[in-house]
Amino acid sequence: MLTRLLLASALLTAVMAPAAESSTAPFSVARKTAAQMQASPERDHLTAEVARVAIRLGKSADAQGLADSLPPFLHASVLLELASALPAEQADRAQLLVGIAQRDQELTLDWHKSRVSRLLAVTQARLGLLESAAKTAREVPDTEDRAFALRDVVRELSRRDEVARARGLADAIEENRRYGTYRQKAGALSAIALALYQRGDRTEAEALLTQAAALLPKKPGWSDGEALRDVAAAQLACGQIDAGRELLARAETLARGIAGAWRVSELSAVAKVWLAGGEHERARSLMQDAEKALSSIPPTERAPESLTLARVQHTAGNLNAARALIRAVLNDDAGESDAEAKRARQVRALLVWAELFGDEAVAELKP
């Protein structure tokens, strides 16, 4: 069975030949740079990142070809994302990729096996395999991964207006304080509330948002930021403007109090919700604070935070600010002599550039 799946996958990759691309295009340079790195787990992860961006750029054959060099967990994660992204007329190909990923899962050990189950559940939901998705999500072995799987499947069901199914799965998420799964439950309830609001059932949407907000701790920790943002975003989208602003202000205060490098990412995430809610000045202020915070971060930790902020600047329409942040990462020596670390940083920056600006040329890189 596995041999047949792999052979079919190889034939699909051959048929879906990649289109010609300039060797100087940012994506092409990122792919080449990653391939030049020494064999290592880091190179495998970078290759997976290159493959995922290929999917987002519509380069499905490139993505599948890159995935074929990866160990089972990363191979499965890329194939499942690819399956989710394929158009409806390629449903057979998507099903084949899911089958290969399931075989990968059998070869995967420790926490990676649970993570593949989580990704599989979400992919099944996106492909419309709703009963399979619900079953897979409920059976994810790890408590936290199971909560994430259930939340993400609930989001997809809510997007499809499958509210009854979504509510049943949301009820299956434990309100576990030790593992923090109340966060995923709050996010799931928020997604269902938005679906109900869009149906016109505002009373029930408000009740679910009240339930979601009640799950959040009165004294949140740094890991509660995403849940605060989820509920706040739903409140704003459902017309509960004052409640949404109050909760998002709490998320903002929480982000500002973070001492670690991820403070920039958290500020950026809050800014993105303010943008979605039409609060552009509030978002701009946060992005400015995030950029100032970059200067206090050790150089070797600065790159991922800069790239996260670049994405939000792009969302806000501040394209030159986004370009400047990415170029700074590309040309920052970071005070290091490790050539591999520098290549990895450049690959990730080039991938973000390719996603945001396509084939637009980047300034020449420092060797």
Side-chain angles (χ1 to χ4, degrees), residues 18-59 62-71 74-75 77-78 81 260-265 268 287 290-291 293-315 318-367:
E21 178 182 50
S22 167
S23 62
T24 59
F27 175 80
S28 180
V29 176
R31 180 175 181 171
K32 180 180 177 181
T33 304
Q36 290 171 342
M37 294 181 65
Q38 298 171 6
S40 67
E42 173 70 351
R43 189 180 75 173
D44 288 340
H45 281 280
L46 270 178
T47 301
E49 290 179 43
V50 175
R52 292 186 187 105
V53 173
I55 293 167
R56 294 164 205 155
L57 295 177
K59 303 174 185 291
D62 286 300
Q64 193 165 339
L66 287 161
D68 287 343
S69 69
L70 297 173
L74 291 174
H75 186 242
S77 67
V78 172
E81 185 165 338
W262 67 93
R263 176 185 180 191
V264 174
S265 290
S268 300
M287 287 186 285
E291 189 143 11
L294 284 173
S295 61
S296 65
I297 297 174
T300 54
E301 299 179 28
R302 189 181 301 147
E305 305 305 315
S306 297
L307 297 176
T308 297
L309 179 56
R311 289 183 182 279
V312 180
Q313 290 282 21
H314 185 272
T315 299
N318 302 325
L319 305 189
N320 286 335
R323 290 186 182 96
L325 285 162
I326 300 170
R327 286 192 175 113
V329 173
L330 286 167
N331 294 307
D332 186 357
D333 289 329
E336 66 194 1
S337 58
D338 186 341
E340 292 290 277
K342 183 172 182 177
R343 284 194 189 97
R345 191 171 64 252
Q346 290 184 334
V347 168
R348 291 187 169 102
L350 285 165
L351 291 175
V352 173
W353 185 283
E355 282 195 76
L356 300 184
F357 301 110
D359 290 340
E360 180 183 317
V362 188
E364 186 175 347
L365 304 184
K366 292 181 181 178

Side chains of [X] and [Y]: closer than 4.5 Å at any heavy-atom pair?
X	Y	answer
R43	E340	no
L356	I326	yes
E360	W353	yes
V264	T308	no
V50	F27	yes
E42	M37	yes
L325	L307	no
R263	E305	no

Checklist entry - Of R327, K342, R302, which is the lone residue that meets salt bridge (Lys or Arg N to Asp or Glu O under 4.0 Å) with D332? => result R302
Checklist entry - Judged by modelled atom types alone, do S77 and R52 share a side-chain donor-acceptor pair under 3.5 Å? => result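 On atom types as modelled, these side chains qualify, holding a pair under 3.5 Å.
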Next on the checklist: For a quick test of reading the model, state the closest non-hydrogen atom pair linking S69 to L66 and the distance between them.
Outcome noted: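 Where S69 meets L66 most closely, the heavy atoms are OG-O, 2.9 Å.
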Next on the checklist: Could you measure the distance from the CG atom of L309 to the CE atom of M287? Nearest 0.5 Å is fine.
Outcome noted: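 Reported value, rounded in 0.5 Å steps: 7.5 Å.
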Next on the checklist: Checking the side chain of E49 only, and the main-chain atoms of R348 only, is there a donor and an acceptor separated by less than 3.5 Å?
Outcome noted: no
Item to check | Check against side chain to side chain contact (heavy atoms under 4.5 Å, CB included), L46 and L351 | outcome: CA-CA 10 Å; L46 270 178; L351 291 175; 5.6 Å; no
